[in-house]
Amino acid sequence: MDDALARRLERILLDGKRKYTRLQVAEKAGVPPERTKRLWRALGLATAADDEVVFTDADVEAVRIVDRLVTAGLLDEDLETSVARAVGLHLSRLAEWQADLLWSLVADNPKLAGDERRIGKLVESVLPELEQVQNFVWRRHLAAYSARLLTAADEEPESRTEVVGFADMVGYTRMTRRVDEDALSAVLERFEALASDIIAERHGRIVKMIGDEVLFVCDEPAAAAEIALTLAERAGDDEKLPHVRVGMAAGRVLGRFGDVYGSVVNLASRLTSLARPGTVLVDRELGRDLAELDDYDVRSRRATSVRGYSRLRPGVLRRAGTSRRIPSGQQLAAELLGLSRPEHDTRGGDAPEGGASEGSASGRDTAERDD
């Protein structure tokens, strides 16, 4: 890229020329220099030397805004670095995708690629549109989450009762060794589109998508059951997708900067590691809730051990009428509580006896399955 074009694009994207050092930004914003350095690093941006002129008027204004939020009591000063880190992490991914999209457009259009003036005008015209769309989506999500918090006013926002689910594609690791990048990208896009549509339609929330898996949360057990079963069913019917397996657990969840933590998350992860292709496993608490609903059957399977759980006793979730034998309410309750021995399922719905091999999977603390 020509240096003149690079400087022009930089001025457009940074909303001004670089003209301040970090120390000058601190002075103009009226905050301690060490604080500006800490925030800059938390945003995931490259460290700048004290005498390096890399900052703009927009940087000064951003620091002033953060300081005003802290002063007004809207943002805890002890949390400002954590907030900056979360914002930087999420927006850096969005920015990377948008930059790739832009340069793919330029590369695929030879006339545009050879005209630096047109490239500059394209960026200058597209940037406000992107900002407007992002602002719209942010406000819609903010409205939805605000409404949810108001309806659950008796619960602490950071710690609430939810259903947590993991869904992942079976045999993903082997697939990465067999197909080229274009084919792999098409599969991932298809899986992400399928998961996004199903989860949104049933009022769930995607916490994150990491390659072959999606982590989601849902307020209502029935809605979570529909998400899990529909994901497994539609992936099974799609010849272009591998089978999907799902594990879900219910309970208190710690929410922090858009992510979720706690024993319920770990339990859902372990259940996914035990599930067979096309099946859904649930923990006892969620199984008891779903067993009371006419639309679902929950079949207990034999206790097994995985890392962190010596006698994990999952239930296999199915739609009502799809099991070979529907147990009575008393028997089902006894099975879920571990007071009776479940019948072995010859139809292939139960996970195999014994635990999955444990290791490290991208995005969560469980084994990567390669069935």
Side-chain angles (χ1 to χ4, degrees), residues 163-179 183-204 206 209-218 221-249 268-283 286-287 290 293 295-301 314-326 344-353 356 361-364 366-371:
V163 179
V164 178
F166 278 100
D168 74 357
M169 292 187 289
V170 180
Y172 175 79
T173 302
R174 285 204 307 268
M175 183 192 304
T176 62
R177 296 193 289 260
R178 292 197 318 263
V179 302
L184 184 62
S185 178
V187 171
L188 292 174
E189 172 63 28
R190 198 173 184 87
F191 173 62
E192 290 178 3
L194 176 68
S196 298
D197 289 348
I198 291 172
I199 293 170
E201 284 171 5
R202 289 153 183 83
H203 304 287
I206 292 178
M209 303 192 76
I210 311 163
D212 64 326
E213 68 182 2
V214 57
L215 167 59
F216 65 91
V217 293
C218 201
E226 282 302 312
I227 288 172
L229 291 170
T230 306
L231 268 172
E233 291 162 357
R234 288 178 57 180
D237 293 337
D238 192 329
E239 295 181 354
K240 296 182 179 180
L241 278 179
H243 284 285
V244 166
R245 56 179 146 204
V246 187
M248 297 194 300
S269 171
R270 298 298 186 269
L271 290 169
T272 310
S273 73
L274 293 174
R276 283 186 175 177
T279 65
V280 179
L281 293 186
V282 297
D283 73 325
L286 182 56
L290 293 174
L293 304 178
D295 293 333
Y296 309 106
D297 292 330
V298 181
R299 187 88 160 285
S300 179
R301 64 167 290 253
V316 181
L317 175 67
R318 299 189 182 96
R319 297 194 185 280
T322 58
S323 300
R324 294 189 69 186
R325 177 181 61 85
I326 301 177
H344 180 66
D345 185 358
T346 60
R347 298 180 72 248
D350 291 353
E353 300 301 331
S362 64
R364 60 189 172 89
T366 187
E368 180 170 12
R369 293 155 307 280
D370 193 19
D371 296 303

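- Take Asp238 and apply the salt bridge (Lys or Arg N to Asp or Glu O under 4.0 Å) test, not counting sequence neighbours, and it matches Arg190.
- Between Asp283 and Pro314, the closest side-chain pair of non-hydrogen atoms is not below 4.5 Å.
- Between Arg276 and Arg245 there is no side-chain heavy-atom pair separated by less than 4.5 Å.
- When side chains are defined from C-beta on, Glu226 does not count as touching Ile198, because their heavy atoms never get closer than 4.5 Å.
- No side-chain heavy atom of Val298 sits under 4.5 Å from any side-chain heavy atom of Val316.
- Using modelled atom types, one side-chain atom of Thr176 and one backbone atom of Thr173 make a donor-acceptor pair closer than 3.5 Å.
- To the nearest 0.5 angstrom, Ile206 atom CD1 is 8.5 Å from Glu192 atom CD.
- Expressed to the nearest 0.5 Å, how far CG of Asp197 lies from CZ of Arg202 amounts to 9.5 Å.
- Nearest approach of Ala268 to Phe166, heavy atoms of both residues: C-CD1, 3.8 Å.
- The NE2 atom of His243 sits 14.0 Å away from atom CG of Leu231, with the distance rounded to the nearest 0.5 Å.
- For the pair Cys218 and Ala223, the tightest heavy-atom approach, listed with the atom from each and the gap, is SG-CB, 3.5 Å.
- The main-chain N or O of Leu317 is never found under 3.5 Å from a side-chain atom of Asp297 such that the two would form a donor-acceptor pair.
- From Arg301, atom CZ reaches atom CG of Leu274 across 5.5 Å, with rounding to the nearest 0.5 Å.
- Annotation: side chain of Val187 is not in contact with side chain of Lys240 (no heavy-atom distance under 4.5 Å).
- Ala167 and Val246 get closest at one heavy-atom pair: CB-CG2, 3.8 Å.
- The two residues Ile227 and Gly204 have their closest heavy-atom pair at CD1-CA, 4.1 Å.
- Only one option out of Thr272, Val280, Val164 pairs with Met248 in a side-chain contact (heavy atoms from CB on, under 4.5 Å); it is Val280.
- Taking OG1 of Thr230 as the start and CD1 of Ile199 as the end, the distance is 10.5 Å to the nearest 0.5 Å.
- Remark: Arg234 pairs with no residue by the salt bridge (Lys or Arg N to Asp or Glu O under 4.0 Å) rule, at least two apart or across chains.
- Taking the side chain as every heavy atom from C-beta outward, Phe216 and Val163 never approach each other to under 4.5 Å.
- Residues forming a salt bridge (Lys or Arg N to Asp or Glu O under 4.0 Å) with Glu233 (at least two apart in sequence, or on another chain): Arg319.
- Between Ala195 and Val214, the shortest heavy-atom contact is CB-CG1, 4.2 Å.
- Thr279 places no side-chain N or O within donor-acceptor distance of the main-chain N or O of Ala275, the cut-off being under 3.5 Å.
- Contact record, Pro242 with Val170: CB-O, 3.4 Å, taken as the closest heavy-atom pair.
- If you take CG on Leu188 and CG on Leu241, they are separated by 9.5 Å, rounding to the nearest 0.5 Å.
- No side-chain heavy atom of Asp212 sits under 4.5 Å from any side-chain heavy atom of Met175.
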